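This report refers to the structure that appears directly beneath it.
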Amino acid sequence: MTNAEELVQKRQQSPDSTTEDYFSDLPRQQNTTNTMTLCGNGICVVLCWFLGVSSGLRPVALSLDGKWSLSNSDCSVSLPAEVPGCVHSALQQQGFIQDPYFRFNDVSYRWIAYDNWTYTTTFAGSTQLRASQKVLLVFDGVDTVASIWLNGLAVGKTDNMFRRYDFTVSGLLKDGDNVLKVSLLSPVLYASERRKAHSAYRVPPECPPDVQKGECHVNFIRKEQSSFSWDWGPSFPTMGLWKGVRLEAFDVLQLIQVSSVPLHNISLSQWRVQVDLLVDAVQTTNGKIILSIPELDSEQILQTQFLPGKTKNSFTLNINTSSQVKLWWPNGHGDQPCYRLTVRGFQGGFLVLNTESKVYFRSVELVQEPVVGSPGLSFYFRINGKPIFLKGSNWIPAHSFQDRVTPAVLRNLLQSAVDARMNALRVWGGGVYEQDLFYSICDEMGIMVWQDFMFACAMYPTEGDFIQTVREEVIQQVQRLKSHPSIIAWSGNNENEAALATDWFNIPVSQRPAYLKDYVTLYVDNIRAVGQEEDQSRPFLVSSPSNGAESEQEGWVASNPYDPHYGDTHFYSYTLDCWDWRTFPRTRFASEYGFQSWPSFSTLLPVSIKEDWSYNSNFSSHRQHHEDGNLRMLLQAALHFNLPNATDPVKRFTDTLYITQVMQAQCVKTQTEFYRRSQSEIIEGKGRTMGALYWQLNDVWQAPSWSSIEFGGKWKMLHYFAQNFFAAVLPVGFEDGDTLFIYAVSDLSHDLKLRAAVSVYSWSDLDPVCTLKSDLHPISGGSATAIFKQPVAALLAGCGSCTRLTCLLTFHLEDSSGQQGPRNHHFLCSPKDAQGVQRPNITARVQQDEAGYSVTLHSASVAAFVWLDVGNVTGRFGSNGFLMTSRNRTVRFNAWCNTSVEELSRSLTVTSLRDLY
Ligand code: BMA
C-alpha cells in the first residue's frame, strides 16, 4: 500500500477527522506552498488536487505574488513592484511620483499610461513542479493588454481585465531560475489603435467631454470603463497584475471553480442545490462525487466522469424535505443564515477533491405583470415570495487603483450602507466586477446586489475577437459570482439602450439599424445567452434603465426606456426645483437619481494647498468633471437657501462645501421619500414604485460628486439623512395643492396602528406653537398609507399666529407604546424666506463615558441642518445635519481611531444654516 492509499483508508475509517488531521499525516515535502488555500466566492478550496498514486507526487500550487521588478519601455524607469498591484501604485511606493490624487496630478501623470511597462519575476522551478503532468501559469487578473513570456518564450496574450487567464507551461520550466515577464501595452494607445483599425463605422463616443480631462476610445478595451475618466472620477488608465499570479501543477485533475445555486421547487416545496464543478482533467477520470449539507441531513452520492481538458460538471443535491431550511433575507427582513456544503470526489477509493463552501437559501423573482388601474407592467423583486422595496444606492469603484481597496475599505463602506438601513446596491457597469470579499460581505449583511456587466454609456464593437473575449468574461464572472445570494439580478449594461433610443451619439437614421443589430448581438445574443446558460436562478435584464419585458417586445431597444410604466428609470434634473416632488417621475423602480455635493474640507486638505481653497479656484474647477456642475449646485441651493457670504475666503469656501451638502441631502431626501410613499398607489396611471437606489454611494477620489460617502469613508450629510429616509417605519410629509399630507411608510412584515403627531414651531421660538394628532390608522406591512390630511391654511389658522413664513413643521408616527420611526420635518417656505430666524449660537461640549464620546449641544434658537464636523478625526456621529428644535441635544460620536476629549473638542466645528450669512 502506498502512503496515499494508507491515508485514504485511515480517513475513511475515521470520518470525523478534519482536513488538518488528514494533512498532518501526510509526509511533508519541502515546498510548503503546496497546501495553499484558495479562497474566493465565499468558498475555500481546502484541498483540491489529486493524490498522485503512481508517481507518489503531490500537486503543487506556487504563488508568484510579491515583489516583482517593473520597467518602462526604454528602461529609463525601473523599480520594484508589488503583485497584485499596478504601475501607478508601484511608482508612488518607490517615490517616483507623488500621490496621484494630489491637486492636478491626474493630468501631470498622464504619461504613465502612454508608456508600455514590463513586470518581471524570477522563481525556482522545482523538480516536483516540472515532473507534474500538467503545469498551469494562472493570472487571476491582468490589466489589460499583455504578452507573457516564460524563459524567453511566448506563453500567451491577454486583452481583458475581467478574465482569469491560464496558460499551460508544462514543458517550459527549467531547473533553477525561471524568468517570467509580462509586457503590458499602453491601454490608451491600444484603444486608439483598435479604434483606427475599426474604420468601417463609428463606435461612439470617441472621447469623453473635455471637462473630464480623460482619454479616448475606452469602449475598445475590456477594462474598467471609468479608468479613462468619468463625470465623478479622474483618468488613471491603470496597468498591472491586479490580482494574484501562481503556478498550479497536477497529475490528474484540478478544480478551478466550485459554485452552488439553491433552487426552489414551489409545487413540491423542495429545495435542491445545483453544484457546478469546473474541472481541468489531464485525462478521462471516472469517480464518485459526494455532496452533503450535514446540517440539513442531506447527502447525495453520484458517479461521474471528468473528461480531459476544462469541463463544467453539474450535480444536484436534493435537500431532505423533512429538514427545516432557514432562508436568507435582505437586511431589515430577517437573518442571513448559511449552511456548509461539502463536495468530495473519489477516484478508485482515493480522495481526489474536497471543498467546503457556504450555501444560503433564498429565491428571487422579478415580477412584471399587469397592474390594476395602470398601463404597463409592474417591476419589483420578490424574495422568498415576499415583495420587497429596494432601498439603497449605486456602487462605483472604491479607488482608481484597485490594489488599495482593502478589506477594511470594503467593510467600512458596506457597513455604512447597512447602517443607513439600505438593503440593496447596484454594482454599476462602468467599474469592475467587485472582488469576492465584496459579495461575501453583502451575503453576510443582507445587501441585495443588482449586478451590471461592465459596459457603460457607449456603443461597443462586435467583431469576433471582441465578442469572444466578452463571452469568456461573462462565463467566468457568472461562475465566480453565482453562489452569492446577495446577487439578485444580472443586468447587461448601463444606459446603452437609452443611449441608442434617445440618440446620444447623433447616429444618422440610415445607420440606426446597424447599431441596433450590434446592440442585440452583444447584449442579447451573447451576454444574455451565455449568462443565462450559466445561471437560470435569477432574472437577467439587458440594460438599466430599460422597460424590462416591454423593451424585449420592442426589439430590446424601447422607444422610451425611461417610460415610468415599465422597468427601471434613471432620472436627473439639476435645473428643476428638487423640493417639488411633481418634477420626479412616478416610476416603477428608481435605479438612479441624485444631486452633486462637495466633500468636506478635511477630505480635500491632503490633496490641495491654500490657493485651492476657494469655490472658484482652478483646483475646484479641475476636480469638477460634470459640465457646469459647481454652478448648478449653487443655483439649486440658491432656490431655497442664502448662499455663504463670509469675507474670510476659507470660511466662505467651507461654508460653500456645507451648503452643497445641505442641498444634496434635502434634494435626495425629497425624491427618495416620494418614491417610498408611491409604493402602494397608482396616480394618473403611474406608481407602485418598488425601488429607490440613489446615485451614488461612494467616491473614487476627493472631488465633487453625487456620493453620500466621501473618499476615505466620511459620511456626507446625505448619508446621515439616508439613515432616516430609509428607516423601516417612516413618516413622509408633503403638500399637494395647499394641503399637507402625511404618509406612514412601513417595510415591516407585520401590520401596525399608527397616528401622525405634528408639531408647529415658530422659527423664533424653541417651544412648539401647537401640536396636532391624527386618529390611529391601520398600516399594513410593506405599504405606504396616507394618515394625515389638512389644508395648510386651516392648520396654521388653528395654531396661534403662524404663517408659512414664520413657522415650520416637525412630525412623527406613534402608537400606544410611543414614537415609531424617526422624526421628520417639513418647511412651509424656503428657509431663505423664513421670518424670525435667529442666530442659534450653538455651543458644544465633548464628553467621554464608558460607551465612548458624545457631544452635547446647546442652542439659543431653532437651528436647521446642524452639522458637526471633527475634521480628520475619523469616525461617525449618531446623527448629523439635523433640525434642532430643543435647547439641548446630545449626539454620540463613534471614533474609528484613538482620540481624546481634547482632540475632539479642538477639532469640532458646528455649523447651521444661519451661520452662513
Ligand atoms: C448616470 C450614471 C453614471 C453617471 C451618473 C451621473 O447615468 O450611470 O454614468 O456618473 O449618471 O451623471
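Note that this is a predicted model, so its numbers are computed, not measured. When a residue number appears, it is its place in the shown sequence, counting from 1. For ligands, and for the atoms within them, numbers begin at 1 and follow the listed sequence.
For D452 and R426, the salt-bridge test passes: some basic side-chain N is under 4.0 Å from an acidic carboxylate O.
Taking atom 12 (O) of ligand 1 as the reference point, the nearest protein heavy-atom neighbour is D231 OD2, 2.5 Å. Looking only at heavy atoms of the protein, atom 9 (O) of ligand 1 is closest to W230 NE1, 3.0 Å. What sits closest to atom 5 (C) of ligand 1 on the protein, heavy atoms only, is W695 NE1, 3.5 Å. At the shortest separation from atom 11 (O) of ligand 1 among protein heavy atoms lies Y572 OH, 3.3 Å.
Under a cutoff of 6.0 Å and an axis angle of 45°, R528 and W490 do not form a cation-pi pair.
The main-chain N or O of W395 is never found under 3.5 Å from a side-chain atom of W695 such that the two would form a donor-acceptor pair.
Among the atoms of E592, some N or O lies under 3.5 angstrom from an N or O of ligand 1. Looking at ligand 1, you won't find any N or O of W706 less than 3.5 Å from one of its N or O atoms.
Crowding of E206 atom CD: a count of heavy atoms from other residues, nucleotides or ligands under 6.0 Å exceeding 12.
With N496 as reference, Y523 is the one residue of Y523, Y519, Y460 to meet the side-chain hydrogen bond (donor to acceptor under 3.5 Å, both in side chains) rule.
Close approach of ligand 1 to W428 is summarised as follows: ligand atoms under 4.0 Å from at least one heavy atom of the residue are 2 (C), 3 (C), 8 (O), 9 (O). Near N494, the atoms of ligand 1 lying under 4.0 angstrom from a non-hydrogen atom of the residue are 8 (O), 9 (O). The distance from ligand 1 to the heavy atoms of C457 drops below 4.0 Å at these ligand atoms: 9 (O). Close approach of ligand 1 to W232 (heavy-atom distance below 4.0 Å) involves ligand atoms 10 (O).
Contact annotation for A456 and ligand 1: no heavy atom of the residue comes within less than 4.0 Å of the ligand. Residue contacts with ligand 1 for E495 involve side-chain atoms from C-beta outward but no N, CA, C or O (heavy atoms, distance under 4.0 Å).
Minimum interatomic distance between P561 and N547 (heavy atoms only, all atoms of both residues): O-OD1, 3.0 Å. Between H625 and G233, the shortest heavy-atom distance links the atoms ND1-O, 2.8 Å.
Between atom NE2 of residue H622 and atom NZ of residue K213 there is a gap of 5.5 Å, rounded to the nearest 0.5 Å.
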